[in-house]
Amino acid sequence: MAEERSLSILSEERDRVDKVLSKDPDIPRSLFSKKDTHIYVNGTEVKKSHIVFPGDEVRVTWIEELFSGVKGEDIPLSVLYEDDDIIVIDKKEGMVVHPAAGVYSGTLVHALVHRFGEDFLLSDSIRPGIVHRLDKDTSGVMVIAKTKTAHERLSVSFKEHDVRKFYLAIAEGKFKEKCGRIDKNIIRSRSDRKTYTVTKNPNEGRTALTLYDVIGEAKPGGTLLLVEILTGRTHQIRVHLKSISHPIIGDKIYNPKSKAEKLMLHSYSLTIKHPVSGEEMTFTTAFPERFRSSGDELITEVNSLLKKKLSGK
């Protein structure tokens, strides 16, 4: 399956544009020999030998064959719901959603190909698949399209934020307020292109809005939150909570001093409109094992609060 990708940076040096771009870990050097790769500097398409200067805006677009040659693997899936159009699963932490550079097996896509056959990816008339993603170490509810129609309609729903997504997170420290709103644009970090950060410049990055409610003190040594994201940016909850000095426990990227072995972030509840029937459907996972040591009373409070939010009360 081919996917168009793009990446934009601000040049920090004078050099050939291909050399500047190739320093980004997401861009393989081989990209610049492919005919479907296009490079733009300050909005104008240029050759890979073009010289850029500090402050130049550089953008590269290319086609990536994410699922080319994928073979099914017998990987168990925890299925919450399934019909002719969609399958909803509880993704385990540690599972990568789809193949990428350096990850060629053991992904959710490999499991889906095994379950549904190679036509799941290769048919010209049916192109089902991934309509949203969870980070490797984030567990929880995901919906996957099984038909072309379902894929197209769900993709529009996620793009237009016509879904409701609630997460559980255990964050460092104690919170002064019982609830909060984080409205900060998110941009790719210039010092580490694999990570993201917030920006105070309203003209930079992508808008991101996160709402959270404090549930109570939780193990290991943090605060349990019920988090709703109204946008779906990469690493949004992780970046936003770090920006208010409450990074997620077990986050090796944004909270490297944390001693916890697992990322304490879980996609707990997802509400969508069924892509064919139009019926509003809510899928909620079981409380994940790594959160259960926080106590049954917190589980009860989470479920009570979630019920109120979903009912609009």
Is there a side-chain contact between [X] and [Y], using heavy atoms and a 4.5 Å cut-off?
X: Lys309; Y: Phe166; result: yes
X: Ile89; Y: Leu108; result: yes
X: Glu172; Y: Ser258; result: yes
X: Glu93; Y: His266; result: no
X: Ile86; Y: Lys146; result: no
X: Val131; Y: His151; result: yes
X: Leu265; Y: Leu134; result: no
X: Arg206; Y: Thr231; result: no

Restricting to non-hydrogen atoms, name the atom on [X] and the atom on [Y] that form the minimum distance, rounded to 0.1 Å.
X: Leu10; Y: Gly55; answer: CD2-O, 3.7 Å
X: Glu73; Y: Gly106; answer: OE1-N, 3.0 Å
X: Pro202; Y: Asn185; answer: O-ND2, 3.4 Å
X: Lys48; Y: Val17; answer: O-CG1, 3.3 Å
X: Arg233; Y: Thr207; answer: NE-O, 2.6 Å
X: Leu211; Y: Arg181; answer: CD2-CG, 3.7 Å

Separation between [atom1] of [X] and [atom2] of [Y], rounded to the nearest 0.5 Å:
X: Leu305; Y: Thr300; atom1: CG; atom2: OG1; answer: 12.5 Å
X: Leu298; Y: Ile170; atom1: CG; atom2: CD1; answer: 8.5 Å
X: His246; Y: Tyr212; atom1: NE2; atom2: OH; answer: 6.5 Å
X: Ile215; Y: Leu168; atom1: CD1; atom2: CG; answer: 8.0 Å
X: Leu209; Y: Leu230; atom1: CG; atom2: CG; answer: 5.0 Å
X: Lys194; Y: Thr234; atom1: NZ; atom2: OG1; answer: 14.5 Å

- Do Thr271 and Thr282 have side-chain N/O donor and acceptor atoms under 3.5 Å apart?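 Distance-only check passes for Thr271 and Thr282.
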
- Query: Are a donor atom and an acceptor atom from the side chains of His240 and Ser243 found within less than 3.5 Å of each other?
  - Reply: no

- Message: Does Glu289 form a salt bridge (Lys or Arg N to Asp or Glu O under 4.0 Å) with Lys262? I'd like the steps, not just the answer.
- Response: CA-CA 11 Å; Glu289 285 299 322; Lys262 294 185 177 182; over 6 Å; no

With no hydrogens and no angle check, is any side-chain donor or acceptor of [X] less than 3.5 Å from a backbone partner on [Y]?
X: Ser311; Y: Lys307; value: yes
X: Tyr254; Y: Tyr196; value: yes
X: Thr285; Y: Gly140; value: no
X: Arg188; Y: Ser8; value: no
X: Lys165; Y: Ser267; value: no
X: Asp251; Y: Ile253; value: yes
X: Thr61; Y: Ser6; value: no
X: Arg290; Y: Met264; value: no
X: Asn255; Y: Ile248; value: yes
X: Lys91; Y: Thr138; value: yes

Hey, any chance [X] and [Y] share a hydrophobic cluster, counting ILVMFWY side chains that come within less than 4.5 Å of each other, even indirectly?
X: Ile244; Y: Leu224; answer: yes
X: Tyr167; Y: Leu226; answer: yes
X: Val88; Y: Phe116; answer: no
X: Val79; Y: Ile130; answer: yes
X: Leu306; Y: Ile272; answer: no

Tell me if the [atom1] atom of [X] is crowded by more than 12 foreign heavy atoms within 6.0 Å.
X: Glu57; atom1: CD; result: no
X: Glu217; atom1: CD; result: no
X: Glu297; atom1: CD; result: yes
X: Lys159; atom1: NZ; result: no

- Evaluate the criterion side-chain contact (heavy atoms from CB on, under 4.5 Å) for residue pair His132 and Val163; output intermediate values, then yes/no. CA-CA 11 Å; His132 68 126; Val163 296; over 6 Å; no

- Query: Leu7 and Ile9: side-chain contact (heavy atoms from CB on, under 4.5 Å), yes or no, with the steps?
  - Reply: CA-CA 7 Å; Leu7 187 147; Ile9 66 170; 3.4 Å; yes

- Message: Within 45 degrees of the ring normal and closer than 6.0 Å to the centroid, is that where the cationic atom of Arg59 sits relative to Tyr40?
- Response: yes

- Message: Between Tyr268 and Thr284, is the side-chain contact (heavy atoms from CB on, under 4.5 Å) condition met? List the steps.
- Response: CA-CA 6 Å; Tyr268 192 50; Thr284 302; 3.9 Å; yes

- Item | Ion pair check, Asp18 and Arg16, cut-off under 4.0 Å |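 Yes, this pair counts.
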
- Message: Does this structure show an ion pair linking Asp135 with Arg238, if we count only N-O contacts that are shorter than 4.0 Å?
- Response: yes

- Message: Determine whether Ile75 and His114 satisfy the following criterion, side-chain contact (heavy atoms from CB on, under 4.5 Å), listing intermediate values before the conclusion.
- Response: CA-CA 8 Å; Ile75 302 170; His114 175 81; over 6 Å; no

